[in-house]
Number of protein chains: 2
Amino acid sequence: MIKPRSRRGGGRPTIADVARKAGVGAITVSRALRDPGRVSEDLRRQIESAVNELGYVPDPNARALASARAEVFGVLVPSLTNNVFAEVVRGIYDSLSDGPFRIQLGNTHYSGLEEERLLQVFGPQRPAALIVAGIDQTPASRKLLETAGCPVVQVMETGPDPVDMMVGFSHFEGGKAAAEHLIEAGYRRIGFIGARMDPRSQRRLAGYRAAMEAAGLFDARLTTTTPVPSSVTLGRELFRDALAKLPSLDAVFCNNDDIALGVLFECHRASIAVPKTIGIVGFNDLDMMEVAFPSVTSVRTYRYEIGRRAVAMALAAIEGNRPESRVVDLGFELKRRESTAR
Amino acid sequence: MIKPRSRRGGGRPTIADVARKAGVGAITVSRALRDPGRVSEDLRRQIESAVNELGYVPDPNARALASARAEVFGVLVPSLTNNVFAEVVRGIYDSLSDGPFRIQLGNTHYSGLEEERLLQVFGPQRPAALIVAGIDQTPASRKLLETAGCPVVQVMETGPDPVDMMVGFSHFEGGKAAAEHLIEAGYRRIGFIGARMDPRSQRRLAGYRAAMEAAGLFDARLTTTTPVPSSVTLGRELFRDALAKLPSLDAVFCNNDDIALGVLFECHRASIAVPKTIGIVGFNDLDMMEVAFPSVTSVRTYRYEIGRRAVAMALAAIEGNRPESRVVDLGFELKRRESTAR
DNA sequence: GCGGCAAGTGGTAGCGCTACCATGACGTTG
DNA sequence: CAACGTCATGGTAGCGCTACCACTTGCCGC
């Protein structure tokens, strides 16, 4: 008798087809696939060959419905084009590409409300884990994370009060180290140039300010910021503004490397000597900072590693062994280069 | 009587809860949510308020299982950190953020086999549409795309034989335009510097070669390529190699802007005058090319727009009205700047 | 006045899988 | 040797939703 294929399913083999072919129960096939150790050697081989012959692939939707748990990692980042987050995301993908987990990526556009909305979309899918950038969730987002019923990793920053786990570093300390380096190098009128000014930028600014105040060098006029999204073009413009406002400026700590690059190009264009007349420090240490001329001092951060570590921690938590320390600080490293070597 | 909550579902309201509260059948709730026009005004309002009161959110997994169609766009790109693809992806996200569709992003690492593997993973999810970068799928990948049973958009390139739909531009023409521009500007020993050399880079190289041969200027020694992934650092190194090999070089067409930037920095470092001694043309026209000093001529491509258009076409196809022209060429524009103005 | 048709609604039967419990075949122990 | 685990396997009953068909109205045309 010809088995009447369902009108709905596109005719792909189901677990029942495999079970029939292998002469076992459907549940045994399910087990053989998910936890081979619990099925005898014999049946396992039979099932395996039936799977291969039929080209059976489990339906992730049915699996998610039945087990009330989807093999999905939800990932929330503020930007897809900012290289910094792209690196984190790459680390996450590379760590997850072997396993069964899919990734659902959300772009919050640096908006707390958008983050809330995305968490509301992710929740009903019952993801296996959630990875979110930053530690400044809105109260509503925080509640959504706390009640998600899965491991949660906050990345990019460390802070005192993790929802669950955290991997990152201290932006405050990074900003402080950058400013201290400029002070040590002999610069005195050290400006801060920042764009977008998201919470991480704010903390870098705070670190800068702490160092400047400690050295008795802080002056509000040294700070030039804008909420506008960061770009190389903007870096150039902000630097011109800063210089117009305060011609005595002798160094700048830039919020990020795009800004620093804009400053560097403007110095070339205006024939301002770097590092002699102006010292430049960036943040994140993109690949090109080392190649730039002059090479640019920057605070190296370990974005890719943050992504990998976040996945490792989430995976461990899924398997029931949460790491003993819920907050991992991967630190940073100040890379001293020509742009501050005077 | 207390309704015994299932042991599996986490206690979230289901469609049956909403139906009971609104005093209607479950199926009517389903319709009210998916196609409000088919439910009377009265019931619609009742259902709506029941949904709000209970905080009901449909379970996407159950929905996908029952309807054999997930509200998911599968997106396959060769790299997450390459700004070019990041822009395409951003366009896709921005176009999809309003609607019900989720996005599942896969990173093929420029590997045909990896692409196949990812398509095999995406298939069983029954995505609503697939967007893949490039037109050089392996035969197996092509078959998977053809039998996916959903709209497929190939992006970044145009070509003669779309699986379904295409949005992009001609890399051959882009490379040709770049070389022709250098020839017109009076350069004669025009090199090509390329890294990674994926199919798109190959076609740019072919365009360059066509222009050079047409002008009687082609010389195999002018071409410097490597399969190594592209970076600013690598651009610098390749340029040094090229110059060592052929000191008479008077211009370079770079595979992409990272390489061009590496060349520019090396020229600064080695005090080579740009554009006088060496002319430089990049590809893609990243934001910073305009700000660089000297500003760098580049072939502007419309990555973000490609992403948006791909989604628009897929969405139209889902609704049953495929666009009349299945291949959309968004073109490019050669941006002439200081680096070739001699 | 009756068949026919469209619009609005609901019941039933799955979608493909897994949680839960039951079963039977083996030891193992005192 | 009875009582009791343990292991491997299977049956049943859903998970939450939608496709499909059936039913009830009310209105039209002849």
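Chain identifiers are assigned alphabetically (A, B, ...) following the order of the sequence lines, protein sequences preceding nucleic acid strands; residue numbering begins at 1 within each chain.
The side chain of A/Ser67 contributes no N or O atom lying less than 4.0 Å from OP1 or OP2 of C/dC17. For B/Arg44 and C/dT9, the shortest distance from a side-chain N or O to OP1 or OP2 is not below 4.0 Å. Residue B/Ser30 has no polar side-chain atom (N or O) positioned under 4.0 Å from OP1 or OP2 of D/dC17.
Separating the CZ atom of A/Arg126 from the P atom of D/dC15 is a distance of 12 Å, rounded to the nearest angstrom. Per the geometry, CG belonging to A/Leu65 stands 18 Å off P belonging to D/dA13, to the nearest Å. Between the CG atom of B/Asp42 and the P atom of C/dA7 there is a distance of 18 Å, given to the nearest Å. One atom, CG of B/Asn61, and another, C1' of C/dT18, lie 14 Å apart when rounded to the nearest Å. Between A/Arg45 atom CZ and D/dA8 atom P there is a gap of 15 Å when expressed in whole angstrom units. Straight-line distance from the CG atom of B/Asp59 to the C1' atom of D/dG16: 6 Å, rounded to whole Å. Atom pair A/Arg34:CZ and C/dC20:P shows a separation of 11 Å (rounding to whole Å applied). Atom CD in A/Glu71 sits about 13 Å away from atom P in C/dC17, given to the nearest Å.
With contacts defined as side-chain heavy-atom distances shorter than 4.5 Å, the pair A/Pro323/A/Met165 qualifies. Between B/Leu105 and B/Leu80, some side-chain heavy-atom pair lies under the 4.5 Å cut-off. With contacts defined as side-chain heavy-atom distances shorter than 4.5 Å, the pair A/Pro151/A/Met313 does not qualify. The shortest side-chain heavy-atom distance between B/Pro124 and A/Asp59 does not fall under the 4.5 Å cut-off.
Which of D/dC15, D/dT9, D/dC17 sits closest to the side chain of A/Ala66 comes down to D/dC15. Ranking D/dA19, D/dC17, C/dG16 by closeness to the B/Ile27 side chain, first place goes to D/dA19. When each of D/dC17, D/dT9, C/dG8 is scored by its nearest atom to the side-chain atoms of B/Ser40, the top-ranked nucleotide is C/dG8. Checked against D/dT9, C/dC17, C/dT9, the side chain of A/Arg63 finds its nearest nucleotide in C/dC17. Ranking C/dG10, C/dC15, C/dC20 by closeness to the B/Val24 side chain, first place goes to C/dG10. Proximity note for B/Thr14 (side chain, C-beta onward) versus C/dC17, D/dG16, D/dA19: the nearest is D/dG16. When distances are taken from the side chain of B/Ile15 to each of D/dC17, C/dG10, D/dG16, the shortest belongs to D/dC17.
Contact annotation for B/Arg31: base contact, defined as any heavy-atom pair under 4.0 Å involving a base atom.
Side chains of B/Ser67 and B/Arg63: no donor on one and acceptor on the other come within 3.5 Å.
If B/Gly23 and B/Ala62 are placed on DNA chain C by their nearest nucleotide, the residue sitting closer to the 5' end is B/Gly23.
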